[in-house]
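Right, one structure below, let's go through it.
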Amino acid sequence: MKRVYLDHNATTPVEPEVLDAMLPYLAGDFGNASSIHSFGQRARAAVETAREQVATLIGARPQEIIFTSGGTESDNHAIFGVVEAAAGVAATSGAKQTAAASGAKENAAASGAKENAATSGAEDKPKHVITSAIEHEAVLNACQALEKRGVGVTYLPVDHAGLIDLGVLRNTLSLHPETVLLTIMHANNELGTVQPLEQIGRIAAEADVYFHTDAVQSAGKLGIDVNAMRLDLLSLSGHKLYAPKGSGALYIRGGTRLRQFLYGGHHQRGFRPGTENVPGIVGLGKAAEIARKSLAEDAKRIAALRDTLEQGMLARVPYARINAEGTPRTPNTANITFSGIEGEALVIALDLKGLACSTGAACSSGAVEPSHVLTAIGLPPEAARATLRFSLGRHTTAQDIDFALSVVPAAVEQLRELSPTYRKPVAAR
Ligand code: PLP
């Protein structure tokens, strides 16, 4: 059976060139990058090349990149790391000792910071974090965990397209001078909506708060410049970027005070101990290099295919609705509501016909709750449940889009026929 994959926001295939770059490090060049013999030196050289490749993709310096296991770890490291280095977290978290005793000083010094929380007198001050209502769970659940430890968190609302309001952000910052971190995702995984990071970065800089972005869905799809965006921290993930799962990176601007997240050896200057995943890191570096070179071309071609898909759906499926249309979006993401159907039933029906797509975020598939992103943009729960995400990739073809347009309308119609609720709105028109 022909199979078409339109779920690249869930994960991407490893690019053949990426696999080729990785294979030697799974075979003959298997050395530990910390070893001083020639096996180790070859692995070290490969890791440092990858660090440069990832840094170049986002306009950073290589020494500002640490490799992680993926987006979730990078997000958690950035959020807990900043807040706990700023101290003042309730003693139950054990954070009182963190900034002074657990390596923040060492890490801050390594990245150029002049002082740490222990010397800044910040231990007893209340702490506050600002994020948005549509972040990925890797950020939202980290923020909720911080709340349980006594940290205040504001979840900024978004408009019908998923954009935060910069006026509300400014007000929240002036209402909460104790804010230590602003964490706002670059591109949303369900809608593709892109936040204006340059403007947000200016606001964060004026307020003198650390600025982190989850760029898991934008890295390799959109241009990123950590300096123009005034970012202090940025998370990215290999498997969304045609590199293997289990690889990722965190950008940490030199001078950022960050409590270390894992304890162990002195790998990656103590910021991220643990023997480096050399093949994964090499794959991520190669994927970053390929993405940087093909980004502009890919974006143009993929956006055209995405537009064909959306216009085709609107023309063929009555009452289909494109969410976040007309807003800056990643080129590859289409989020479409087909009222009167259950999204999960449609995903299964389409999979049986050979088309892979998803309802909202893959990690919340199977959850009974409608997507928090779609409800945040104002969709009623039944509309949120009737919504599908089609996410295109570098190798998506015009034939793949034709295939989607040939199977989705019939599947929607079939499910609507079975739906006890769908006839009512149609009859009322
Ligand atoms: N952030 C966003 C926006 C994501 O879409 C995802 C994965 O879907 C993650 C974070 C988590 O990344 P990882 O799967 O590498 O842990």
Side-chain angles (χ1 to χ4, degrees), residues 11-78 81 102-103 106-112 216 219-220 233-254 258-294:
T11 198
T12 56
V14 172
E15 194 71 60
E17 255 187 273
V18 168
L19 181 61
D20 285 347
M22 291 171 62
L23 284 175
Y25 301 95
L26 289 161
D29 288 335
F30 59 84
N32 183 327
S34 297
S35 301
I36 54 176
H37 48 60
S38 54
F39 287 88
Q41 282 173 28
R42 278 203 296 282
R44 170 59 51 210
V47 167
E48 296 316 318
T49 299
R51 211 184 298 281
E52 280 168 29
Q53 289 164 322
V54 171
T56 307
L57 180 68
I58 59 170
R61 293 179 293 157
Q63 63 268 34
E64 295 174 313
I65 302 295
I66 62 165
F67 292 109
T68 66
S69 64
T72 301
E73 182 188 324
S74 297
D75 284 342
N76 275 263
H77 192 160
S102 71
E106 191 185 328
N107 286 342
S111 61
V216 166
L233 300 128
L234 175 148
S235 306
L236 59 81
S237 171
H239 76 101
K240 312 285 185 179
L241 189 63
Y242 305 89
K245 293 162 187 65
S247 65
L250 177 63
Y251 157 74
I252 309 169
R253 179 178 294 281
L258 198 74
R259 180 174 88 72
Q260 74 188 84
F261 195 55
L262 295 175
Y263 295 85
H266 296 288
H267 315 82
Q268 308 203 63
R269 293 181 294 126
F271 271 108
R272 210 290 191 165
T275 302
E276 283 106 325
N277 165 14
V278 179
I281 289 171
V282 167
L284 177 56
K286 189 71 188 170
E289 184 187 78
I290 295 170
R292 183 174 58 81
K293 290 183 179 157
S294 65

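Reckoned from all heavy atoms, side chains included, excluding hydrogens, waters and symmetry mates.
- For the atom pair OG1 of Thr12 and NZ of Lys240, the computed distance is 8.5 Å after rounding to the nearest 0.5 Å.
- Of the possible donor and acceptor atoms, one in the side chain of Ser74 sits under 3.5 Å from a partner among the backbone N and O of Ala249.
- Contact between Leu241 and Gly220 at its shortest, heavy atoms only, is CD1-CA, 3.6 Å.
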(request) Give the intermediate values and the outcome of side-chain contact (heavy atoms from CB on, under 4.5 Å) for residues Phe67 and Arg51. (result) CA-CA 8 Å; Phe67 292 109; Arg51 211 184 298 281; 3.8 Å; yes

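- In this structure a side-chain-to-backbone donor-acceptor pair under 3.5 Å is missing from Thr68 to Leu250.
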Acceptor/donor pairs from residues 285-293 side chains to any protein atom, 3.5 angstrom cut, sequence neighbours excluded:
residue: Lys286; atom: NZ; partner: Glu289; partner atom: OE1; Å: 3.0
residue: Glu289; atom: OE2; partner: Gln53; partner atom: NE2; Å: 3.3

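- A parallel orientation is assigned to the rings of His77 and Phe261, their planes being inclined by less than 30° (bins at 30° and 60°).
- Remark: side-chain polar atoms of Ser69 are not paired, donor with acceptor, to backbone N or O of Gly246 under 3.5 angstrom.
- To the nearest 0.5 angstrom, Arg61 atom CZ is 13.5 Å from Glu52 atom CD.
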Which pairs of donor and acceptor atoms, one on a side chain in residues 18-28, lie under 3.5 Å apart (sequence neighbours left out)?
none

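- Here the shortest heavy-atom pairing between Gly283 and Pro244 reads CA-CD, 4.3 Å.
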(request) Quick one: do Glu64 and Arg253 satisfy side-chain contact (heavy atoms from CB on, under 4.5 Å)? Show the steps, please. (result) CA-CA 6 Å; Glu64 295 174 313; Arg253 179 178 294 281; 4.1 Å; yes

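- A distance of 11.0 Å separates CD of Glu73 from OG of Ser237, quoted to the nearest 0.5 Å.
- Annotation: side chain of Ile58 is in contact with side chain of Ile65 (closest heavy-atom distance under 4.5 Å).
- Residues Ser34 and Arg44 are in side-chain contact: their nearest non-hydrogen atoms beyond the backbone lie under 4.5 Å apart.
- For the ring-ring contact (aromatic ring centres under 6.0 Å, His included) condition, the pairs that include at least one residue of residues 31-55, sequence neighbours left out, are Phe30-Phe39, His37-Phe39.
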(request) For Val278 and Asp29, run side-chain contact (heavy atoms from CB on, under 4.5 Å): C-alpha distance rounded to whole Å, both residues' side-chain angles, the deciding distance at 0.1 Å, then the answer. (result) CA-CA 9 Å; Val278 179; Asp29 288 335; over 6 Å; no

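- Panel note: side chain Arg269, backbone Gln63; a donor-acceptor pair is recorded below 3.5 Å.
- Side-chain contact between Val54 and Ile281 is absent, with no heavy atoms from C-beta onward closer than 4.5 Å.
- For the pair Gln260 (side chain) and Leu262 (backbone), a donor-acceptor distance under 3.5 Å is present.
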